[in-house]
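Below: one structure, written as structure tokens.
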There are 2 protein chains.
Amino acid sequence: MYIECMRATTHDSDARERLIKAAQALLWERGFMGTSPAAIQQMAEVGQGSMYHHFKSKEGLALAAIERSANERWGDYETLFAAESTAYGRIAAYLHAERDVLRGCRIGRLTQDPDIMGNEALRAPVDALFARLKARLAEAIAQGQAQGEVNAALDPLSIAEMVVAVVQGGYVIAKAANDTQPFARAMAGVLSLLGTQMKRAP
Amino acid sequence: MYIECMRATTHDSDARERLIKAAQALLWERGFMGTSPAAIQQMAEVGQGSMYHHFKSKEGLALAAIERSANERWGDYETLFAAESTAYGRIAAYLHAERDVLRGCRIGRLTQDPDIMGNEALRAPVDALFARLKARLAEAIAQGQAQGEVNAALDPLSIAEMVVAVVQGGYVIAKAANDTQPFARAMAGVLSLLGTQMKRAP
DNA sequence: GTCTATAACGGGATAGAC
DNA sequence: GTCTATCCCGTTATAGAC
């Protein structure tokens, strides 16, 4: 539904797009507090006036960038889950997804930014992404239980929360050690436990 | 080995102590980037000149505060582990330790601060704390295996990394939701899995 | 040890010209 | 839409008096 002729006026607000992409990158790397409007403008190759034309404030731009990142992540997960049919397969796919471990999670990172957590508008997309992800994982587990693939004694939501937590915490211990191995071992650890409670094959 | 008369000169550099405590609190709440020297001075009720007399820079004070926090945390864990005798007991004690979940981990938090991770001196105590904690947990698990309490097929270090990660990630999902329940469920999730692989009683 | 003054710079935004 | 100028305040010190 993307109609090219609707934006035929000039080279267009391609600047808006570059600003969002730059803000995404800087929010990932340095967080909200650590990212100045000037730094975003520089990375986006967009002037001061231009940025404040497209966005009311640093906060407004951050909101657009966060929503964009959350949507992109959700797309990734949907793709991941669609390619698998069992609960174990879906969880394993999530745990082994390609990641830039030492850079951390683009969304989970925001959780440590008081200016973001203290702002309902900015926290909302972060909260929503984790909520959807956990619900999706819990659903896969419950479905696995209905089909007798997964130990029925497990609580789907608790396992889902644990799976998401182990990934988020994996980033933390990897960064602390400045080494991706702790992350890899944590993933191996959960999977070794989950493997005792779930069938691997469909 | 604390000799009171060694500091009998005046009311002494009680200011130094207050600065460290204030820096610990602010580093916890706002991180390194989010904490200005002025804010620390105000919380510590210590003047500008005084702070720069006791510490060379913001970084110097932060180092002292981080080392202090890491040592305090390690003391907590030693106490926790000393009170338990089984691998399951020790892990459960760690997972259920009293925590201010929505405030997050005083040490894990620092992991998201590029200025801290990019500074070897500041990262060192963070790295060291997690390394010791993981080693201690892995040791407890290996010991449990030697005594036949724990499934010998598990890799102690992977399980230890996973246990630490789930706590660190638990903070993340709790903050995102602005609710302690996700943390509690994640802990319940790991414990329900670990309970299938370890004996609870000594 | 602690105080006040000062400085050089960056952050976050507004104003109005083009 | 984008540019430049301008503003005010906060950050991170340093200097020297008390």
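Within every chain, numbering begins at 1; the chains are lettered A, B, ... in the order of the sequence lines, protein sequences first and strands thereafter.
In this structure, B/H53 does not reach the C/dC3 phosphate: none of its side-chain N or O atoms is under 4.0 Å from OP1 or OP2.
Here C/dA13 presents its P atom at 17 Å from NE2 of A/H54, a figure rounded to the nearest Å. Rounded to whole Å, atom C1' of D/dT2 lies 15 Å from atom CZ of A/F55. Here the P atom of nucleotide C/dG12 and the CG atom of A/L61 are 12 Å apart, to the nearest Å. At whole-Å resolution of the value, CD in A/Q41 and P in D/dG1 are 18 Å apart. Residue B/R18 contributes atom CZ, which lies 12 Å from atom C1' of C/dG1 at whole-angstrom precision.
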Would you tabulate the side-chain donor-acceptor contacts of residues 110-121 of chain B under 3.5 Å, counting partners in other chains and residues two or more places apart, or write 'none'?
from	atom 1	to	atom 2	distance (Å)
B/D113	OD2	B/F32	N	2.7
B/D115	OD1	A/R30	NH1	3.4
B/N119	OD1	B/A121	N	3.0
B/N119	OD1	B/L122	N	3.2
B/N119	ND2	B/E59	OE2	3.1
B/E120	OE1	B/R123	NH2	2.8
B/E120	OE2	B/R123	NH2	3.4

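Applying the salt bridge (Lys or Arg N to Asp or Glu O under 4.0 Å) definition to pairs two or more places apart or across chains, none involves residues 79-88 of chain A. Residue pairs meeting the side-chain hydrogen bond (donor to acceptor under 3.5 Å, both in side chains) criterion with at least one member in residues 155-164 of chain B, sequence neighbours excluded: A/R185-B/E161, B/K134-B/E161, B/D155-B/S158.
Backbone-only engagement by A/G47 is indicated by non-hydrogen atom pairs under 4.0 Å involving sugar-phosphate atoms exclusively.
The cationic atom of B/R103 (NZ for Lys, CZ for Arg) lies less than 6.0 Å from the six-membered ring centre of B/W28 and within 45° of the ring axis.
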Within the sub-3.5 Å range, which N or O atoms of nucleotides 9-13 of chain D have a protein N or O partner, and how far apart are they?
from	atom 1	to	atom 2	distance (Å)
D/dT12	OP1	B/K58	NZ	3.2
D/dA13	OP2	B/K58	N	3.4
D/dA13	O5'	B/Y52	OH	2.9
D/dA13	N7	B/Q48	NE2	3.0
D/dA13	N6	B/Q48	NE2	2.8

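The side-chain contact (heavy atoms from CB on, under 4.5 Å) search around A/A39 returns A/L26, A/S36, not counting sequence neighbours. With sequence neighbours excluded, the residues satisfying salt bridge (Lys or Arg N to Asp or Glu O under 4.0 Å) with B/E17 are B/K21, B/R68.
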